[in-house]
Amino acid sequence: MRFAVLQFGGSNCDHDAQHVIRDVCGVDCDLVWYKEGFTRSYDAIVIPGGFSYGDYLRAGAIATRTPVMQDVRQHAAAGGLVLGICNGAQIGAESGLVPGVFTTNEYPKFICEWVHLKVENTTSPFTSRYTEGEVIRIPIAHKEGRYVAGEGVAQQLLDEGRVAFRFCDELGNCTPESNPNGSALNITGVLSEDQNVLLMMPHPERAAESILGSDDGKKLFDSMIEYCERRE
């Protein structure tokens with residue numbers, strides 16, 4: 001089993017993601033520079049957080065037009081796992097891997113804080129280690145993280161079980177007060193139709209070891225690894 005973490009100019013959570021996958025979870029993981037592309041097959045591709053191309057035009061807009069993203073789309077279409085975190089989620093959404101986009105926060109300032117998430121899906125390759133309705137604690141750090149979609153789309157995704165995580169309070173209530181960026185229906189983790197792509201704004205790699213204040217994010221990577229092991 002081998003994972004890849006894709007690097008663009010401006011990626012700054014690439015080494016953090018590799019550390020968790022390789023050193024904490026014990027899975028081989030390569031850093032792949034976007035110009036070099038994928039020279040071998042991977043079980044999962046992680047698009048990490050950061051500020052690709054300085055967020056010029058809009059977050060993720062330039063990275064999504066690089067040739068390597070066509071390979072990511074083909075990997076996803078073939079059933080391979082793709083995890084987009086923060087800027088990676090913005091890039092993935094710009095690439096059409098899930099419906100909707102992540103845009104400027106309702107209050108247009110950068111937010112860096114710990115939040116609570118309600119686990120809405122426990123059947124995907126990314127969430128099987130969680131329990132339905134579980135409340136987890138993971139940090140966010142973004143200015144353009146508000147999830148928006150066409151009329152009725154957010155509710156449809158929720159009804160279809162394609163929402164992995166929603167912002168909530170510590171008791172699991174998804175209220176306007178617990179929605180830090182104004183996302184539609186508090187949604188902050190969206191799955192593709194086949195549930196092999198997850199795009200999320202919170203940073204699970206920053207909450208994968210207890211020394212960091214929470215290891216709730218580790219279950220996400222453990223879920224991915226368990227899924228890949230079953231496929232082998």
Side-chain angles (χ1 to χ4, degrees), residues 13 46-52 55 57-61 63-64 69 72 76 82-122 124 126-127 130 133-169 172-207 216-217 220:
C13 300
V46 177
I47 312 174
F51 299 90
S52 59
D55 282 353
L57 299 181
R58 60 181 180 274
T64 195
M69 285 307 299
V72 174
V82 177
L83 171 63
I85 303 168
C86 199
N87 188 229
Q90 296 159 342
I91 295 168
E94 287 275 349
S95 300
L97 294 178
V98 303
V101 296
F102 297 92
T103 188
T104 305
N105 298 341
E106 188 173 56
Y107 186 72
K109 296 290 185 180
F110 187 86
I111 305 172
C112 180
E113 62 185 25
W114 286 87
V115 297
H116 291 93
L117 306 179
K118 182 180 181 180
V119 179
E120 297 283 353
N121 174 302
T122 58
S124 81
F126 307 91
T127 55
Y130 296 103
E134 182 175 348
V135 177
I136 61 177
R137 187 169 173 267
I138 287 180
I140 57 172
H142 60 252
K143 182 182 178 181
E144 298 179 52
R146 177 170 60 98
Y147 179 72
V148 298
E151 184 177 357
V153 172
Q155 184 62 55
Q156 182 180 352
L157 292 173
L158 191 60
D159 293 342
E160 293 177 348
R162 291 175 56 186
V163 173
F165 304 110
R166 288 202 294 162
F167 293 120
C168 68
D169 62 23
N173 301 305
C174 298
T175 63
E177 293 75 20
S178 62
N179 189 354
N181 58 20
S183 289
L185 301 179
N186 290 45
I187 293 171
T188 191
V190 184
L191 295 157
S192 63
E193 185 173 2
D194 293 331
Q195 302 200 2
N196 63 310
V197 176
L198 171 62
L199 306 183
M200 61 186 294
M201 290 307 299
H203 286 266
E205 81 281 8
R206 296 184 186 178
D216 289 342
L220 189 150

(message) Please list all pairs meeting salt bridge (Lys or Arg N to Asp or Glu O under 4.0 Å) that have one or both residues in residues 110-122, counting only residues at least two apart or in different chains.
(response) Glu120-Arg166
If you compare all heavy atoms of [X] against all heavy atoms of [Y], which two are closest, and at what distance to 0.1 Å?
X: Asn105; Y: Arg146; value: OD1-N, 3.7 Å
X: Leu199; Y: Gly92; value: CD1-C, 3.5 Å
X: Trp114; Y: Arg206; value: CH2-O, 4.1 Å
X: Pro108; Y: Lys143; value: O-CE, 3.4 Å
X: Tyr130; Y: Leu220; value: OH-N, 3.3 Å
X: Cys168; Y: Ser178; value: C-CB, 3.3 Å

For the pair [X] (side chain) and [Y] (backbone), establish whether a donor and an acceptor sit closer than 3.5 Å, ignoring hydrogens and angles.
X: Asn87; Y: Pro48; value: no
X: Tyr147; Y: Gly189; value: no
X: Thr127; Y: Asn121; value: yes

Not counting sequence neighbours, which residues clear salt bridge (Lys or Arg N to Asp or Glu O under 4.0 Å) with [X]? List them please.
X: Arg137; answer: none
X: Glu94; answer: Arg58
X: Glu106; answer: none

[atom1]/[X] to [atom2]/[Y] distance, rounded to the nearest 0.5 angstrom?
X: Leu97; Y: Glu193; atom1: CG; atom2: CD; result: 13.0 Å
X: Ile140; Y: Ile111; atom1: CD1; atom2: CD1; result: 5.0 Å
X: Ser52; Y: Ile91; atom1: OG; atom2: CD1; result: 4.0 Å
X: Gln90; Y: Thr103; atom1: CD; atom2: OG1; result: 9.0 Å
X: Met201; Y: Thr188; atom1: CE; atom2: OG1; result: 6.5 Å

Does any part of the side chain of [Y], heavy atoms only, come nearer than 4.5 Å to the side chain of [X], both counted from C-beta?
X: Met69; Y: Ile47; result: yes
X: Phe102; Y: Asn181; result: no
X: Pro202; Y: Leu117; result: yes

Can you list, pair by pair, the side-chain donor-acceptor contacts under 3.5 Å of residues 152-165, counting residues two or more places apart and other chains?
from, atom 1, to, atom 2, distance (Å)
Gln155, NE2, Asp159, OD1, 2.8
Gln156, NE2, Glu160, OE2, 3.0
Arg162, NE, Leu191, O, 3.2
Arg162, NH2, Leu191, O, 3.4

Which residues satisfy the side chain to side chain donor-acceptor pair (under 3.5 Å) test with [X], sequence neighbours excluded?
X: His203; answer: Glu205
X: Asn196; answer: Ser192
X: Thr64; answer: Ser95
X: Asp55; answer: none

